[in-house]
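See structure below.
Side chains are part of it too, since the values below use all heavy atoms of this structure and drop only hydrogens, waters and symmetry mates.
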Amino acid sequence: MTTQQLTEQIRQKKSFLCIGLDVDLNKIPSHLLNTEDPIFEFNKAIIDATHDLAVAYKPNTAFYEAYGIKGWISLEKTIRYINEKHPEIFTIADAKRGDIGNTSSMYAKAFLEDLAFDSVTVAPYMGKDSVEPFLAVKDKFTILLALTSNEGAFDFQTKSVDGKELYKQVIETSKQWKNSENLMYVVGATKAEYFTEIRKIIPSSFLLVPGVGAQGGSLSEVCKYGMSENIGLLINSSRGIIYASQQHDFAEKAREEAIKIQQEMEQILN
């Protein structure tokens with residue numbers, strides 16, 4: 001998928017919603033626990049109910065790895081289902097990997113080739129030789145952690161180094177890496193005031209934005225300061241959508257919550 005195709009999908013659906021598929025067996029409807037693969041059945045129902053409202057899905061891999069080989073199989077079935085039924089939808093492996101040389105190459109192979117995600121989240125702390133193996137995969141995207149929405153982000157990311165905040169140095173440096181045109185960036189919605197500065201560095205790159213809703217981020221604020229000419233935003237919502245209900249109507253309630261966000265996005269796009 002290209003960024004142009006992603007933008008076209010956004011304009012067609014009047015949505016730049018990314019739904020996080022972070023499945024906790026303690027939170028899904030109890031009747032699903034009796035099925036052969038509760039995680040996949042939950043994801044399938046959410047996808048079936050929301051695919052016309054979302055332009056991206058983002059499974060956080062920790063929620064699958066926690067269940068061992070069964071969880072990994074559920075993840076594989078989920079991404080295959082999306083790719084087969086809705087190939088126009090952008091897929092994100094939220095894995096936050098980052099290691100040097102051959103290790104990163106193997107991570108890239110696992111998520112971008114074997115599982116066939118469109119993109120993977122990557123931590124930049126170890127520098128370019130930990131990120132470039134991901135960028136080397138043709139027609140795939142690497143989503144770099146730039147400025148995250150958690151409280152601990154202030155421990156390092158906003159610290160000034162030689163007169164410039166570290167997150168700015170990370171973004172500026174990443175632009176020099178090989179195949180940097182395949183980069184997207186994670187920027188937390190709870191840091192809306194930083195979007196103006198970030199757009200000065202990367203005016204047109206796509207930003208994956210967690211933190212709207214459950215974490216208190218404002219969609220209107222993010223769009224005011226972060227939207228680019230090609231929209232350039234993927235707003236992620238996880239818990240607020242997928243856990244809207246723990247009853248048999250969970251998929252319908254998830255759709256209702258997704259519609260609320262999509263309608264707000266449609267107003268912004270108009």
Side-chain donor-acceptor pair present, [X], [Y], cut-off under 3.5 Å:
X      : Y      : value
Thr142 : Asn182 : no
Tyr243 : Ser238 : no
Asp118 : Tyr57  : no
Gln12  : Glu8   : no

Return the minimal non-hydrogen interatomic distance between [X] and [Y], and the atom names on each side.
X      : Y      : result
Ile79  : Leu115 : CG1-O, 3.4 Å
Ala95  : Val120 : CB-CG2, 4.0 Å
Glu266 : Lys14  : OE2-CD, 3.2 Å

Are [X] and [Y] within salt-bridge range, i.e. N to O under 4.0 Å?
X      : Y      : answer
Lys168 : Glu197 : yes
Lys253 : Glu257 : no
Asp37  : Lys77  : yes

What I'd like to find out is whether the side chain of Lys178 reaches to under 4.5 Å of the side chain of Leu135, using heavy atoms alone.
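Not touching, per the 4.5 Å side-chain cut-off.
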
Check the orientation of Tyr194 and Tyr167. Use parallel for under 30°, tilted for 30 to 60°, and perpendicular for over 60°.
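Tyr194 and Tyr167: perpendicular rings.
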
Counting neighbours of CG on Asp155 that are heavy atoms of other residues, nucleotides or ligands and sit closer than 6.0 Å, is the number greater than 12?
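Result for CG/Asp155: enclosed.
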
So which pairs with a foot in residues 41-69 pass salt bridge (Lys or Arg N to Asp or Glu O under 4.0 Å), sequence neighbours left out?
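As it turns out, the salt bridge (Lys or Arg N to Asp or Glu O under 4.0 Å) pairs with a partner in residues 41-69, which skip direct neighbours, are Lys44-Asp48, Asp52-Arg255, Lys58-Asp94, Glu65-Arg97.
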
Hey, would you say the Phe134 and Phe111 ring centroids sit under 6.0 Å apart?
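Not under 6.0 Å, so no.
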
Apart from Tyr125 itself, what residues make up its hydrophobic cluster, given side-chain heavy atom links below 4.5 Å?
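Noted: Tyr125 shares its cluster with no other residue.
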
